[in-house]
Enquirer: 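My questions all concern the structure below.
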Amino acid sequence: MLIKDSLTPQEEDADYEGFMQYEGHTHLGNYVCCHFPVSEEGLRDYLRTKLAGYDCQAGLIRFREENLCVKILANGSELLVTMQESIKGFLRQQIG
């Protein structure tokens, strides 16, 4: 599902500071892992280690057996792109 915001500023110089959709963050990353032989706790520990020290929030959702979704809220997309590659590398290590 794609959602397009229909917000159109009425004034060019409107102050939108603090007006964010994701609990004070500007970007949301969703990484869906289907049928990977990785434990929920193992992936959770990996995320905790990799994201320590960053201004972000992360969570893990199990939606079926061997199906997980990593969600990361961050300010800017750089961390999300970096984590995408990092998560891919972690999953590759897990499958050997």
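Just the heavy atoms: all of them, side chains too, but no hydrogens, waters or symmetry mates, feed the values below.
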Enquirer: Give the minimum heavy-atom separation between Asn30 and Cys69, together with the two atoms involved.
Expert: OD1-SG, 4.1 Å
Enquirer: I need the minimum non-hydrogen distance between Leu80 and Leu28, along with the two atoms involved.
Expert: CD1-C, 3.8 Å
Enquirer: Shortest non-hydrogen contact from Ser77 to His27?
Expert: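 Here Ser77 and His27 meet closest at CB-CD2, 3.9 Å.
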Enquirer: Can you list the steps and then say if Leu79 with Asp55 is a side chain to side chain contact (heavy atoms under 4.5 Å, CB included)?
Expert: CA-CA 10 Å; Leu79 175 62; Asp55 178 24; over 6 Å; no
Enquirer: Per the ring-ring contact (aromatic ring centres under 6.0 Å, His included) rule, what does the pair list look like for residues 54-73, sequence neighbours excluded?
Expert: none
Enquirer: With a 4.5 Å heavy-atom cut-off, do Ile95 and Val38 have their side chains touching?
Expert: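 No, their side chains stay 4.5 Å or more apart.
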Enquirer: Over all heavy atoms of both residues, which pair between Asn67 and His35 is shortest? Give the atoms and the distance, please.
Expert: OD1-N, 3.2 Å
Enquirer: Rounded to the nearest 0.5 Å, how far does CG of Leu73 lie from OG1 of Thr26?
Expert: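 Those atoms lie 9.5 Å apart.
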Enquirer: Is the number of heavy atoms from other residues, nucleotides or ligands within 6.0 Å of CD (Glu78) greater than 12?
Expert: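 Open.
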Enquirer: For Ser86, enumerate each residue passing the side-chain contact (heavy atoms from CB on, under 4.5 Å) test, keeping only those at least two apart in sequence or located in another chain.
Expert: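 Residues passing side-chain contact (heavy atoms from CB on, under 4.5 Å) with Ser86: Tyr46, Lys50, Met83.
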Enquirer: Could you walk me through whether Phe90 and Leu43 pass side chain to side chain contact (heavy atoms under 4.5 Å, CB included), step by step?
Expert: CA-CA 8 Å; Phe90 173 76; Leu43 184 52; 3.6 Å; yes
Enquirer: For the residue pair Tyr31 and Val81, what are the closest heavy atoms and their distance?
Expert: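 Where Tyr31 meets Val81 most closely, the heavy atoms are OH-N, 4.4 Å.
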Enquirer: Take Asp45 and Glu41 through the side chain to side chain contact (heavy atoms under 4.5 Å, CB included) test and state the conclusion after the steps.
Expert: CA-CA 6 Å; Asp45 290 344; Glu41 194 58 38; 3.2 Å; yes
Enquirer: Test of understanding: with side chain to side chain donor-acceptor pair (under 3.5 Å), list the residues that count as partners of Glu40, not counting sequence neighbours.
Expert: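 With neighbours one apart ignored, the set is Arg44, Arg62.
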Enquirer: To the nearest 0.5 angstrom, please state how far the CG atom of Leu68 sits from the CD1 atom of Ile61.
Expert: 10.0 Å
